[in-house]
Amino acid sequence: MNQIKVGIFLKELRKEKGLTQQQLAEKLNVSDGTVSRWETGSNMPDIGMLVYIADFYDVSIPEIIYGERKSENMNMETRNTAVAMAEYSHNEKKNGKAKIAAALLSLFGIFIIISALSIFPSESSWGSVYSVLGSLILIVGIYVFLRQQLVKRGMCILVIGGCIAMLFAAFSLTDYIAAKHFDQVPRFRYQTCYDSRIPDQVVHKTIFFTAVQKNPGTGEEQVYILKR
């Protein structure tokens, strides 16, 4: 099955109806982006929608699959319709499994992040390690989902970059709130400094702020943000 040819055929059928992509999308109850992906051959309608489209355009399903109206040549190839339909169904199931895998990866990544932040104390570096690991799994899940949606590479990179920036901002914000309001040292610190001249004080540095831990391990322990 030539998806590009099918897409061109679907575009021709739409133009014969005198419809824009947006008008067709409204009639089929889908987005105009979905119609665009059909017509460029980037994606194909599912089986149920294929039947509806064939009825809407008054053509047969084999005509859509082969990307052309019935001809003598097509009639000779009618025996291959079942094979083409089987291939179509197989691709649809494959895409469905990939989407499920993407969702599971994303959920698993979120679960690891939440568990790491909940289980490990802020002083332990394992909380940040597992949070980063969970973030990587989450990003992979989002990437797999985007690829299944046939998002363009440039847009895919932009979305992934945005997700990474949001996670980074979220971790930094939770660190700041924990240090400022709950007397907890920042998890995502890149340096911890001890000064023998001030034995009751530990300095924790992050990219955006510096937190000072006074009297660590005692009942008078206090954490505050060092003003720059």
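None of the values given here were measured: they were computed from a predicted structure.
- At distances below 3.5 Å, not a single donor-acceptor pair connects side-chain atoms of Arg37 with backbone N or O atoms of Met44.
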Handout entry: Evaluation steps, salt bridge (Lys or Arg N to Asp or Glu O under 4.0 Å), between Arg14 and Glu39
Key = CA-CA 10 Å; Arg14 174 178 59 79; Glu39 294 185 355; 2.5 Å; yes
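- Clustering ILVMFWY residues whenever any of their side-chain heavy atoms sit less than 4.5 angstrom apart, transitively, puts Val185 in a cluster other than the one holding Phe188.
- Pairing each heavy atom of Val223 with each of Ala211, the nearest pair is CG1-CB, 4.2 Å.
- The distance from atom OH of Tyr130 to atom CD1 of Ile112, rounded to the nearest 0.5 Å, is 9.0 Å.
- Cluster membership check: Val129 does not share its hydrophobic cluster with Phe171, using side-chain heavy-atom separations under 4.5 Å among Ile, Leu, Val, Met, Phe, Trp and Tyr.
- Under a hydrophobic clustering in which Ile, Leu, Val, Met, Phe, Trp and Tyr are joined whenever their side-chain heavy atoms come within less than 4.5 Å, directly or via other members, Ile113 and Phe120 fall into different clusters.
- Checked by atom type, the side-chain pair Ser128/Ser125 shows no donor-acceptor distance below 3.5 Å.
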Handout entry: Residues Phe208, Phe168; criterion ring-ring contact (aromatic ring centres under 6.0 Å, His included); working and verdict
Key = CA-CA 11 Å; Phe208 297 108; Phe168 183 75; 5.7 Å; yes
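- Of all heavy-atom pairs between Lys205 and Cys193, the closest is CE-SG, 4.1 Å.
- Classified by interplanar angle (parallel below 30°, tilted 30° to 60°, perpendicular above 60°), the ring pair Phe209/Tyr176 is perpendicular.
- Between Tyr57 atom OH and Lys17 atom NZ the span is 8.0 Å, to the nearest 0.5 Å.
- Separation of atoms CD (Glu26) and CD (Gln21) is listed at 12.5 Å; rounding is to 0.5 Å.
- Put simply, the side chain of Leu13 reaches to within 4.5 Å of the side chain of Val59, judged on heavy atoms.
- Phe182 and Ile225 are assigned to two separate hydrophobic clusters, defined by single-linkage of ILVMFWY side chains at heavy-atom distances under 4.5 Å.
- Linking Ile, Leu, Val, Met, Phe, Trp and Tyr whenever their side-chain heavy atoms come within less than 4.5 Å leaves Ile164 and Leu133 in two separate clusters.
- Contact of the Leu10 side chain with the Val6 side chain is registered, since non-hydrogen atoms from C-beta on lie closer than 4.5 Å.
- Heavy-atom neighbours of Asp58 CG from other residues, nucleotides or ligands within 6.0 Å: at or below the threshold of 12.
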Handout entry: Residue pair Lys27, Leu19: steps toward the side chain to side chain contact (heavy atoms under 4.5 Å, CB included) verdict
Key = CA-CA 10 Å; Lys27 291 182 179 294; Leu19 298 173; 3.9 Å; yes
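- Contact of the Tyr224 side chain with the Asp183 side chain is not registered, since no non-hydrogen atoms from C-beta on lie closer than 4.5 Å.
- The shortest non-hydrogen separation linking Cys163 to Ile142 is SG-CD1, 3.7 Å.
- Using modelled atom types, one finds a donor on one side chain and an acceptor on the other under 3.5 Å when comparing Glu63 with Ser60.
- Contact annotation: the side chain of Ile53 approaches that of Leu28 to within less than 4.5 Å [non-hydrogen atoms, C-beta and beyond].
- How far CG of Leu104 is from NZ of Lys97: 13.5 Å, rounded to the nearest 0.5 Å.
- Checked by atom type, the side-chain pair Gln213/Gln201 shows no donor-acceptor distance below 3.5 Å.
- Taking a 6.0 Å sphere around CD of Glu220, one finds it holds 12 or fewer heavy atoms contributed by other residues, nucleotides or ligands.
- The main-chain N or O of Ser36 is found under 3.5 Å from a side-chain atom of Thr40 such that the two form a donor-acceptor pair.
- Minimum interatomic distance between Ser135 and Leu167 (heavy atoms only, all atoms of both residues): CB-CD1, 3.9 Å.
- Between Val30 and Met49, some side-chain heavy-atom pair lies under the 4.5 Å cut-off.
- Two residues are said to be in side-chain contact when any heavy atoms from C-beta on lie closer than 4.5 Å; Tyr143 and Cys156 meet this criterion.
- Within a 6.0 Å sphere centred on CD of Glu221, other residues, nucleotides and ligands contribute more than 12 heavy atoms.
- Side chains of Ile160 and Leu146 form a contact here, defined as non-hydrogen atoms less than 4.5 Å apart.
- Counting all heavy atoms, side chain and backbone alike, Leu24 lies closest to Phe56 at CD1-CE2, 3.7 Å.
- Note that CG of Asp200 and OG1 of Thr218 are 8.5 Å apart. Values are rounded to the nearest 0.5 Å.
- Going from atom CD1 of Ile110 over to atom CG of Leu107 covers 5.5 Å, rounded to the nearest 0.5 Å.
- Ion pairing between a basic and an acidic side chain is recognised when a charged N comes within 4.0 Å of a carboxylate O; Glu68 and Lys5 show such pairing.
- Counting only heavy atoms from C-beta outward, the side chains of Asn29 and Tyr52 never approach each other to under 4.5 Å.
- Nearest heavy atoms, Gly127 versus Ser131: O-OG, 2.6 Å.
- When each of Ile207, Thr206, Thr174, Thr192 is tested with Pro186 by the rule side chain to side chain contact (heavy atoms under 4.5 Å, CB included), just one qualifies, namely Thr206.
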